[in-house]
**Student:** 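First, the structure itself, so that you have it in front of you.
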Amino acid sequence: MLDIKLLRERADFVKERLASRGAGDERRVDEVLALDESRREKLGEAEKLKAQRNAASKEIGALMAQKKAAEAETRKAEVRAIGDRIAALDREVSEIETRRETLLLQFPNLPHETVALGRTAEDNPVIRTWGQPARFEFTPRSHIELCEKLRLVDFARGAKLAGSGFLLYTGWGARLERALIQFLLDLHVREHGYTEVSPPFLVGQHCMVGVGQFPKFVDQAYAVREGADDATLGKLYLVPTAEAPVANIHREELLAADQLPIRYVAYSPCFRAEAGAAGVGTRGMIRVHQFDKVELIKLVRPEDGYDELEKMVANAERVLQLLGLHYRVIGLCTGDMGFASAKTYDIELWSPGQGGWLEVSSCSNCEDFQARRMNVRFKDAEGHNRFPHILNGSGTALARLFVALLETYQQADGSVVIPEPLRPYLGTTMIPS
RNA sequence: GGAGAGGUGGCAGAGUGGUCGAUUGUACCUGACUCGAAAUCAGGCGUGCCCGUGAGGGUACCGAGGGUUCGAAUCCCUCCCUCUCCGCCA
């Protein structure tokens, strides 16, 4: 959520930054400011009346103590009238407040000044590239062919169980998935200093609002109810990413300065409805409704936010370097960034089977945008309460990592060599054809 | 799911209609004492919002929401959560 004070004081700046995203959000700034002004006006009026009432009530108390009952009754009648006006104003204020908040929650974060201006993915600058595309002396197979040949994923039966976009991993496929999760968690815990957490895979809507997933992207979520009673039972949502529960761990808390930085790593399955994406790359494992991911989350002092973002990207890159996978890091331009982010780097893996790049990680600094929504603060050295920067990054997504791994290390006979660091986890040097 | 108890400031814990934003203890900060520390003494010490250049003033907040009242931490209603016991269950 944007700071209403920033909108008041630097409306033009806010409009310019919002406009750079190209979604037209800047057009609603004046609407919010108008609501804000009328709120302050009514609030001032209401508070003046409350001050009057409080003073009068005190006097009534004193009169009663002196047993001047008649006088007290006269005053009571006067104050009752003030009370009615207060109630009316309070209703107005809270109605205006609701409208203001509703609007404010729909504004995306402001892009950081270092983010490239642009409209689409075409405008994203490539920051760096690592490694070389794998070379083959035979025609490389796609991950789909490999999965079918090696019986790693049973696409047909996965779809039979839950519909298209759900995967049934089998045999070495299931074991590879499990090995990757463990490898990633261990790496980030042991070498990168993250604390492992294992969160709930369903969260309440307040968590979804907290990370900026709601209200804008409700249609991307899977909603879950206990039982079948719509009216009385609370609604939970399957997590679209571990960011949803993990970033919210400290919601509504006031942290001590020495608790920061906080660095969490968590595995979770990720559930995405992908509404509107039907038919787009739906074959195979590139775009699915459920995939595994190991997520990195940090809460840091604002002055450390951007250093920590660079470190987070390096932590995600380390995964790919250890696995020897060709990748590139791109900087998302203003028009391509996610809703909550002020700055995002994506990491893309080379897929020999697709002959293209696959996004496996997205690392963002959301600055105080989420902290404000979830009301996480910390007390700084001067004793001031401030919002920390909250960062999230995939470290990394699994299904696409799985794809690149198979396609990169496939042999002529279809078998797949397992890169060295993964061997202890999988207990084999290769997946036989 | 049933029965009971409870949710108050960083923590502990008083407060059952007015002078209570809240006694007290503890933690923390400052000062005094000390070579220094401990102990002791004195003072300070919540958050949001609104007004004000500022000093400051106002207002709201005792799990959440509603109600009664001139006035609610305190009374009433609804909901949420925690604890204990019972039931069910991986």
Side-chain angles (χ1 to χ4, degrees), chain A residues 1-9 32-101 103-105 198 200-207 209-210 225-237 245 248-260 262 368 371-388:
Chain A
M1 188 158 66
L2 300 179
D3 186 357
I4 184 69
K5 286 181 199 144
L6 186 67
L7 268 78
R8 266 181 224 150
E9 288 157 22
V32 175
L33 288 175
L35 285 170
D36 183 55
E37 200 167 320
S38 103
R39 168 186 173 268
R40 278 146 71 199
E41 196 183 308
K42 307 264 185 216
L43 188 65
E45 234 179 294
E47 291 193 345
K48 224 175 272 172
L49 291 174
K50 283 179 187 174
Q52 279 178 32
R53 181 177 65 183
N54 287 344
S57 289
K58 228 174 240 184
E59 286 167 29
I60 292 169
L63 288 173
M64 310 257 294
Q66 295 162 35
K67 307 219 187 289
K68 297 181 181 166
E71 234 173 292
E73 287 307 318
T74 319
R75 296 303 313 268
K76 276 192 198 181
E78 291 167 26
V79 179
R80 200 172 297 137
I82 298 181
D84 292 343
R85 285 166 62 202
I86 291 174
L89 282 166
D90 276 350
R91 268 194 300 276
E92 282 185 72
V93 169
S94 96
E95 190 256 340
I96 292 169
E97 241 162 36
T98 306
R99 280 161 59 200
R100 189 187 69 163
E101 292 309 292
L103 268 178
L104 214 46
L105 280 172
S198 179
F201 297 155
L202 288 96
V203 293
Q205 78 163 15
H206 55 289
C207 288
V209 171
R225 276 176 211 283
E226 196 186 339
D229 186 339
D230 283 13
T232 54
L233 294 169
K235 196 188 264 184
L236 291 171
Y237 298 87
N248 277 288
I249 287 175
H250 298 287
R251 72 175 1 259
E252 306 288 345
E253 287 183 26
L254 178 59
L255 303 166
D258 62 10
Q259 282 179 271
L260 301 181
I262 291 171
D368 61 10
R372 210 175 276 288
R373 286 173 164 244
M374 40 180 98
N375 196 26
V376 188
R377 292 165 306 164
F378 72 100
K379 199 174 273 295
D380 71 13
E382 284 77 47
H384 296 121
N385 295 340
R386 297 166 66 199
F387 293 108

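Hydrogens, waters and symmetry mates are skipped; everything else that's a heavy atom, side chains included, is used. Lettering of chains follows the sequences in order, A, B, ..., and the numbering in each one begins at 1.
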**Student:** Please determine, for B:U74, whether a Watson-Crick or G-U wobble partner exists with both distances under 3.5 Å, and give it or none.
**Tutor:**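 The base-pairing partner of B:U74, which may sit in any strand shown, does not exist here.
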**Student:** Show the nearest heavy-atom pair for residues A:F387 and A:V376, with the distance to one decimal.
**Tutor:** CD2-O, 3.3 Å
**Student:** Looking at A:R373 and A:L105, would you say the former's side chain and the latter's main chain have a donor-acceptor pair under 3.5 Å?
**Tutor:**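 Side chain of A:R373 to backbone of A:L105, a donor-acceptor pair under 3.5 Å: yes, one is there.
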**Student:** Within this structure, what is the CD1-CG distance for the pair A:I4 and A:L33, rounded to the nearest 0.5 Å?
**Tutor:** 6.0 Å
**Student:** Would you mind pulling out the nucleotide paired to B:U69, Watson-Crick or G-U wobble, both distances under 3.5 Å?
**Tutor:** none
**Student:** Only pairs with both distances under 3.5 Å count, Watson-Crick or wobble alike; so what is the partner of B:C83 in this structure?
**Tutor:** B:G4
**Student:** Any strand is fair game: report the nucleotide pairing with B:G10 by Watson-Crick or G-U wobble, both distances under 3.5 Å, or none.
**Tutor:** B:U26
**Student:** Paired with B:C35: which nucleotide, if any, by Watson-Crick or G-U wobble criteria at under 3.5 Å for both distances?
**Tutor:** none
**Student:** When every nucleotide of nucleotides 46-59 of chain B is labelled 5' to 3' by its protein contacts under 4.0 Å (heavy atoms), B for base, S for sugar-phosphate only, - for none, what sequence of letters results?
**Tutor:** -SSSSS------BS
**Student:** Tell me which of A:R91 and A:G83 sits closer to the 5' end of RNA chain B, going by the nucleotide each one is nearest to.
**Tutor:**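 First, find each residue's nearest nucleotide; the 5'-ward one identifies A:R91.
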**Student:** Taking atom CG of A:L35 and atom CD of A:E95, what is their separation to the nearest 0.5 Å?
**Tutor:** 8.5 Å
**Student:** How would you list, by chain and number, every residue that makes a side chain to side chain donor-acceptor pair (under 3.5 Å) with A:R8, sequence neighbours excluded?
**Tutor:** A:D36
**Student:** Between A:R100 and A:E97, is there a salt bridge with N-O shorter than 4.0 Å?
**Tutor:**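 Salt bridge: no.
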**Student:** Rounded to the nearest angstrom, tell me the gap between atom CD1 in A:I86 and atom P in B:U69.
**Tutor:**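 Nearest whole value for this atom pair: 15 Å.
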**Student:** For B:G48, give its Watson-Crick or G-U wobble partner with both distances under 3.5 Å, or none.
**Tutor:**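 Pair assignment: B:G48 / B:U59.
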**Student:** Within this structure, what is the CZ-to-C1' distance between A:R53 and B:G18, rounded to whole angstrom?
**Tutor:** 14 Å
**Student:** Contact class for A:R80 (heavy atom, under 4.0 Å): base, sugar-phosphate, or nothing?
**Tutor:**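 Touches sugar-phosphate only.
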**Student:** Counting only Watson-Crick or G-U wobble pairs whose two distances fall under 3.5 Å, which nucleotide matches B:G54?
**Tutor:** none
**Student:** Can you tell me, in whole Å, how much space there is between the P of B:G15 and that of B:U30?
**Tutor:** 35 Å
**Student:** Taking the C1' atom in each of B:U23 and B:A14, what is the distance between them to the nearest angstrom?
**Tutor:** 6 Å
**Student:** To the nearest angstrom, how far is A:I60 atom CD1 from B:G71 atom C1'?
**Tutor:** 8 Å
**Student:** Rounded off to whole Å, could you give me the CG-to-C1' distance for the A:D90 and B:A60 pair?
**Tutor:** 10 Å
**Student:** Could you tell me how far B:U24 sits from B:C41 if I compare only their P atoms? Round to whole Å.
**Tutor:** 15 Å
**Student:** What integer distance in Å separates A:M64:CE from B:U69:P?
**Tutor:** 14 Å
**Student:** Taking B:A12 as the reference, what is the distance to B:U19 when you measure between their P atoms (whole Å, please)?
**Tutor:** 27 Å
**Student:** Distance between the P atoms of B:A73 and B:G54, in whole angstroms?
**Tutor:** 30 Å
**Student:** To the nearest Å, give me how far apart NZ (A:K58) and P (B:G17) are.
**Tutor:**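 The distance from NZ of A:K58 to P of B:G17 comes to 19 Å, rounded to the nearest Å.
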**Student:** Give me the distance, rounded to whole Å, that separates B:A22 from B:C79 when you measure between the P atoms they each carry.
**Tutor:** 33 Å
**Student:** What's the gap between B:C81 and B:G87 when it is taken at their P atoms, as a whole Å value?
**Tutor:**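 It comes out at 23 Å once rounded to the nearest Å.
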**Student:** The criterion is side chain to side chain donor-acceptor pair (under 3.5 Å); which residues satisfy it with A:R53, sequence neighbours excluded?
**Tutor:** none
**Student:** Using atom P of each nucleotide, how far apart are B:U82 and B:U8 to the nearest Å?
**Tutor:**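 Straight-line distance between the two P atoms is 14 Å.
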**Student:** In Å and rounded to the nearest 0.5 Å, what is the CD1 to CD distance from A:I96 to A:E37?
**Tutor:** 11.0 Å
**Student:** Give none if B:C20 has no partner; otherwise give the nucleotide forming a Watson-Crick or G-U wobble pair with it, both distances under 3.5 Å.
**Tutor:**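 Here B:C20 is not engaged in any pair, so there is no nucleotide opposite it.
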**Student:** If you round to the nearest 0.5 Å, how far is CZ of A:R386 from CZ of A:R377?
**Tutor:**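 One finds 13.0 Å between CZ of A:R377 and CZ of A:R386.
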